[in-house]
Amino acid sequence: MSRSSSSSVLNFLRHVSFPPDPRLLPSALKSCPALRLARALHAAAAVAGFSRDPFVSSSLLHAYLRFGATADACSVLDGMPHKTIVGWSALIAGHATRGDAEGAWGLLERMRSDGVEPNVITWNGLVSGLNRSGRARDAVLALVRMHGEGFLPDATGVSCALSAVGDVRDVSVGEQLHGYAVKAGCRLDACVATALIDMYGKCGRADDIVQVFDESSNMDVASCNALVAGLSRNAQVSEALRLFREFVGRGVELNVVSWTSIVACCVQNGRDLEAVDLFREMQSEGIEPNSVTIPCVLPAFANIAALMHGRSAHCFSLRKGFHHDIYVGSALVDMYAKCGRVRDARMIFEAMPSRNVVSWNAMIGGYAMHGEAENAVQLFRSMQSSKEKPDLVTFTCVLGACSQAGWTEEGRSYFNEMQHKHGISPRMEHYACIVTLLGRAGKLDDAYDNINQMPFEPDGCIWGSLLSSCRIHGNVVLAEVAAENLFQLEPENAGNYVLLSNIYASKKMWNGVNRVRDTMKNVGLKKEKGCSWIEIKNKVHMLLAGDSSHPMMAAITEKLKHLTMEMRRLGFAPSTDYVLHDVEEQEKDDILSVHSEKLAVALGLISTSHGTTLRVIKNLRICGDCHEAMKFISSFERREIYVRDTNRFHHFKDGKCSCADYW
DNA sequence: GTAGGGTTAG
């Protein structure tokens, strides 16, 4: 038994006597830690003949409601000779909180026929309870009926109803409530303002959030937090950051929820480096992260492969006891896997006191990302012998693992198992997995057939996957089909043009190359800059392809020159069909030599001691030339090198890659 | 007896 629950039992025992004393029973019931004990006290009071005492029965009623035992609570109220409005209201709120809308309405009628008229608290309790139990529509209906019966809903009722509206995303009802709050004079109440912001945020109305903010004068810290969350939901990061600072200017004391919200806002919108900075700033402001902050910030460390930062958040969690939290545990599993430490991820996973579907998916997905299909599938089998049911994400991970390993038949069979054994109908992402699975294995026609047989219109991911496969297997005809669809679906995505152009270039079809380049120029698209990150001694370095702004660039260039010479000497020939441009061979070598992952690895080599493992992440897929170069470097420099691209991990060791050149 | 804010996997 934990320390806190044993102390609550001691506190309870202090109020218990034998035989039972009617003056002590109310306080005993108030501190009663378990439903069974409340029932025992009830029985003892009945035997002693004072269970109908107004104080005792009222305490029993509330104790039962605290444990959600609405039936017991009902029988207590039934036995009360004088039923008070407080008793009725508590019972109605209790039923509503358990999601029993019908029971709550029935009690409201019984209360009236008993001669007790509901008041505003009775109604608010009903609205609040229904909202809390997820019966959002019923909560709004209750408020409407309350109004229809001549009651003026107050700030409390309106806030609860607004919260319900946000859950059902019915902005027109939300707007009506907004107008009502203005008329009823409770619009400027801080809770109403917060609930309005929350509602508009959930309904996708960022402009209205800002308008509520502009028209409010007495917003507090919770309003700020709702504001940040609402803007984050609608991808308005800069606005969230600006208003977050403005709250400080207004003298609002920000708390751990505020800081967690702004960190989460950056992470959820791909601004990982800013999230890391804010996480630091939070602590220098004297706000200590809690068990919600940690799972919010961990994905930022995971995304930029900041293993040292991630480890220190892990240590912090251990010190604070957060590591037992299922959110923290799952986020740690994901972080270690994405930082290249899939064994550490498994250790965390095994040590978790409880797991949910997210924890399983994080671990299975981790194996998939590392190309460890065997482990992924094995874990998927253990999941099925556990009580946790696989969901659509689980199958995305399992299918992903199969496609990384080239397990075509296994992948097909899991695709069927998903539908027929688990009743999950395939979604876009599952078809994308199947197309990748078949395409990468060279079964391009099969992949194309699958696209044509899909029950809905394929999206950019599907065609993008086919196009990538065409790049690997040099299929110009299907590549043109895929590209045609992609240019319609995502005309702004430069990567598609680059891929098609590379396919033409690899076939020496220079007219095609020029045509695509002209189109790109006309549409005004630039090739996305390759970008890599490497963490060295607790600092994350970002390197851009062709960019020479890094302070150590001279040494990096020197190191690359030396490596290139050694590669040549040992018979390594750069493979030049990976670049977009049709240029002289020598110039192509130069372009290749500045791909960002090479810069990152060179920096890693000169900044760490011999034998240190290097971990690099990249915003694009690693090119074939860099892949060859990494294999060479791993053997020549005797270093293990992990490169995580958009697709998976490549673990280079002794001249070989964990993907076995299949990617 | 009634009210508003932050979390993990793809």
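Proteins get letters first, then strands, A, B, ... in listed order; numbering begins at 1 in each. Hydrogens, waters and symmetry mates play no part in the numbers below; they use all other heavy atoms, side chains included.
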Closest to the [X] side chain: [options]?
X         : options                 : value
Val257(A) : dG4(B), dG10(B), dG5(B) : dG5(B)
Asn356(A) : dG4(B), dA9(B), dT8(B)  : dT8(B)
Arg427(A) : dA3(B), dG10(B), dG6(B) : dG10(B)
Thr156(A) : dG10(B), dG6(B), dA3(B) : dA3(B)
Val393(A) : dA3(B), dT2(B), dG10(B) : dG10(B)
Cys191(A) : dG6(B), dA3(B), dA9(B)  : dA3(B)
Gln268(A) : dG4(B), dT7(B), dG5(B)  : dT7(B)
Pro295(A) : dG6(B), dT7(B), dG10(B) : dT7(B)
Asp391(A) : dT2(B), dA9(B), dG10(B) : dA9(B)
Asp220(A) : dG6(B), dG4(B), dG10(B) : dG4(B)

Euclidean distance, atom [atom1] of residue [X] to atom [atom2] of [N] [Å, nearest integer]:
X         : N       : atom1 : atom2 : value
Leu107(A) : dG1(B)  : CG    : P     : 17 Å
Leu379(A) : dA9(B)  : CG    : C1'   : 13 Å
Ile121(A) : dT2(B)  : CD1   : P     : 8 Å
Leu162(A) : dG5(B)  : CG    : C1'   : 14 Å
Ile287(A) : dG6(B)  : CD1   : C1'   : 13 Å
Leu254(A) : dG6(B)  : CG    : C1'   : 13 Å
Asn647(A) : dG10(B) : CG    : C1'   : 13 Å
Asp325(A) : dA9(B)  : CG    : C1'   : 15 Å

By side chain to side chain contact (heavy atoms under 4.5 Å, CB included), which residues pair with Arg169(A), not counting sequence neighbours?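 If we apply the side chain to side chain contact (heavy atoms under 4.5 Å, CB included) test to Arg169(A), skipping adjacent residues, the hits are Lys202(A).
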message: So that I know where these two stand, are Trp407(A) and Tyr414(A) an aromatic pair - ring centroids less than 6.0 Å apart?
response: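 No, they do not, as the ring centres are separated by 6.0 Å or more.
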| Is a salt bridge present between Arg343(A) and Glu350(A), judged by a nitrogen-to-oxygen distance below 4.0 Å? |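 Here Arg343(A) does not pair with Glu350(A) in a salt bridge, since their nearest N and O are not under 4.0 Å apart.
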**Prompt:** Under the 5.5 Å and 30° test, is Tyr327(A) stacked on the base of dT8(B)?
**Reply:**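 Stacking between Tyr327(A) and dT8(B): absent.
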As a quick check of understanding, evaluate salt bridge (Lys or Arg N to Asp or Glu O under 4.0 Å) for Glu175(A) and Arg205(A), giving each step before the final call.
CA-CA 11 Å; Glu175(A) 282 171 329; Arg205(A) 301 270 289 253; 2.5 Å; yes
- prompt: Of the residues in residues 259-266 of chain A, which ones touch DNA chain B at a heavy-atom distance under 4.0 Å?
  reply: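 Thr260(A), Ser261(A) - these, ordered by number, are the residues of the stretch whose heavy atoms sit under 4.0 Å from the strand.
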Under a 4.0 Å heavy-atom cut-off, which of residues 333-342 of chain A touch DNA chain B?
->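 Within residues 333-342 of chain A, the residues near DNA chain B are Asp334(A), Lys338(A).
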Next on the checklist: Rounded to the nearest 0.5 Å, what separates atom OG in Ser258(A) from atom CG in Asn225(A)?
Outcome noted: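 With rounding to 0.5 Å, OG (Ser258(A)) is 3.5 Å from CG (Asn225(A)).
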Could you tell me whether [X] contacts a base, only the sugar-phosphate backbone, or nothing, with contacts defined as non-hydrogen atoms closer than 4.0 Å?
X         : answer
Val120(A) : nothing
Ile294(A) : nothing
Ala190(A) : base
Ala155(A) : base
Arg355(A) : nothing
Ser359(A) : nothing
Asn119(A) : base
Thr394(A) : nothing

Checklist line | Lys NZ or Arg CZ of Arg145(A) over Trp105(A) ring: under 6.0 Å, within 45° | finding: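 Positive - Arg145(A) is close enough to the ring of Trp105(A) and near enough to its axis.
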- Axial cation check for Phe213(A) ring with Arg250(A), 6.0 Å and 45° limits: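 Positive - Arg250(A) is close enough to the ring of Phe213(A) and near enough to its axis.
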What side-chain donor-acceptor pairs closer than 3.5 Å can you find for residues 276-283 of chain A, not counting sequence neighbours?
{"unit_1": "Arg280(A)", "atom_1": "NH2", "unit_2": "His309(A)", "atom_2": "NE2", "d": "3.1"}
{"unit_1": "Glu281(A)", "atom_1": "OE1", "unit_2": "Arg245(A)", "atom_2": "NH2", "d": "3.0"}
{"unit_1": "Glu281(A)", "atom_1": "OE2", "unit_2": "Arg245(A)", "atom_2": "NH1", "d": "2.9"}
{"unit_1": "Gln283(A)", "atom_1": "NE2", "unit_2": "Phe279(A)", "atom_2": "O", "d": "2.9"}

Quiz question: going by heavy-atom distance under 3.5 Å, is there a donor-acceptor pair between the base of [N] and the side chain of [X]?
X         : N      : answer
Asn290(A) : dG6(B) : yes
Asn255(A) : dG5(B) : yes
Ser128(A) : dT2(B) : no

Residues in side-chain hydrogen bond (donor to acceptor under 3.5 Å, both in side chains) with Glu253(A), at least two apart?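 Partners of Glu253(A) under the side-chain hydrogen bond (donor to acceptor under 3.5 Å, both in side chains) test: none.
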- Can you check whether Ser223(A)'s main-chain N or O pairs, donor with acceptor, with Asp220(A)'s side chain at less than 3.5 Å?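 Looks like yes, one N/O pair under 3.5 Å.
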query: Has the side chain of Ser465(A) got a donor or acceptor atom that lies under 3.5 Å from a matching backbone atom of Cys461(A)?
result: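 A pair under 3.5 Å: no.
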Residue pairs involving residues 126-150 of chain A (criterion ring-ring contact (aromatic ring centres under 6.0 Å, His included); sequence neighbours excluded)
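Qualifying pairs, neighbours excluded: His147(A)-Tyr180(A).
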